[in-house]
Engineer: 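Dumping the structure here so I can ask a few things about it.
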Amino acid sequence: MKKSSLTILGCHSSIPTKKFNPTSQILEMKGNYFLIDCGEGTQVQLRKAKIKLNKITDIFISHLHGDHYFGLIGLLSTFHLLGREKSINIYAPRGLKEIINIHFKWSYTRLKYSIKYVELISNKLEKIMENKNLEVFSIPLKHRIYTNGFLFKEKLSKRKLNIEEIKKVPDIQIFNYKDLKLGQDFKTNDGKIISNNQLTFDPPKILSYAYCSDTSFHLPIVEQIKSVDLLYHESTFLKIEENRAIHTGHSTADQAAYIAKKAKVKKLLLGHYSNRFPNIKSFEEEAKKVFFNAEASEALKTYYL
Ligand SMILES: [Zn+2]
């Protein structure tokens, strides 16, 4: 299976411009395609990133500021026009369902596929989705309106068979493979125990990704994102505009890096930049002074967990 990856579709805040796209990203994890936020123009960015629209099964919306969901009605309409039949799950705060329904009501559109809404209302970390390969949790953030980040965590997969070693034990039959993959030792016909370690390899390490946009500097996040492989944390402003960050419910690059350092994450991606700072490398430079493995994310780039 392909390694989990994150493709940034847009990583700027507020207004879309010729150069910059508002927030949206695709997380590819264990064969799932998750769309996280859906700012204006997301469907065009998906085309540019060559991501097949039909692969998306779940959409996670952090909050109802327009730069995080204005692209959603367009995308849902396109799904319909392309003849999508597969249902889609949308995880979002209360209100989004009403907004979408009103549009489709007054455009007299009956979608060819169904939308299953999961309304997020909790103020604590909560599991909101699970399948056989992974789990997703909401992370309460501190912003001007009700906002969640999301934590995506792979599940530990089964052990891999060491066929070369297995062949050396004639008593092992194909029907024993299931137990071996689950970590059980093997007992030969003459009662000898062969330890599982000898017959299998460790499963691949589990990976995790945390998405935190938009939020003020908020220390309770630290516990919830501890040691993730990749953290995307907003850095709308630079330290010189810290007051503006406080006032608008956002963070500075320096604060994002402090959170990353405290949480001992492996890598920090910055984003949700204000258009006031045309050079995104200045965010990276500021963050690196606090947390070395920080990078300013860029639209249409893919990052591996
Ligand atoms: Zn916002």
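Numbers here simply count residues along the sequence, with the first being 1. All ligand and atom numbering here is 1-based and tracks the order in the structure.
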Engineer: Keeping to distances under 2.8 Å, can you name the protein N/O/S atoms close to the Zn ion (ligand 1)?
Structural biologist: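 Metal shell, protein only: His63 NE2, His65 ND1, His143 NE2, Asp214 OD2.
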Engineer: Measure from the ring center of Phe152 to the ring center of Phe60 and say whether it is less than 6.0 Å.
Structural biologist: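 That pair passes the under 6.0 Å test.
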Engineer: Taking only Lys NZ, Arg NE, NH1 and NH2, and the carboxylate oxygens of Asp or Glu, determine whether Lys288 and Glu285 approach each other closer than 4.0 Å.
Structural biologist: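 A salt bridge is absent here (no side-chain N lies under 4.0 Å from a carboxylate O).
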Engineer: Using the side chain to side chain donor-acceptor pair (under 3.5 Å) criterion, which residues pair with Glu130? Sequence neighbours excluded.
Structural biologist: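 With sequence neighbours excluded, Glu130 shows a side chain to side chain donor-acceptor pair (under 3.5 Å) to Lys127, Lys155, given in chain and number order.
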Engineer: Other hydrophobic cluster members with Ile193, side-chain heavy atoms of Ile/Leu/Val/Met/Phe/Trp/Tyr under 4.5 Å, chained?
Structural biologist: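 When side chains under 4.5 Å apart are linked, Ile193 ends up in no cluster with other residues.
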Engineer: Any salt bridge linking Glu119 with Arg94? Criterion: basic side-chain nitrogen under 4.0 Å from a carboxylate oxygen.
Structural biologist: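 Yes, Glu119 and Arg94 are salt-bridged.
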Engineer: For Ser87, which residues count as a side chain to side chain donor-acceptor pair (under 3.5 Å) partner, sequence neighbours excluded?
Structural biologist: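 Side chain to side chain donor-acceptor pair (under 3.5 Å) list for Ser87, sorted by chain: empty.
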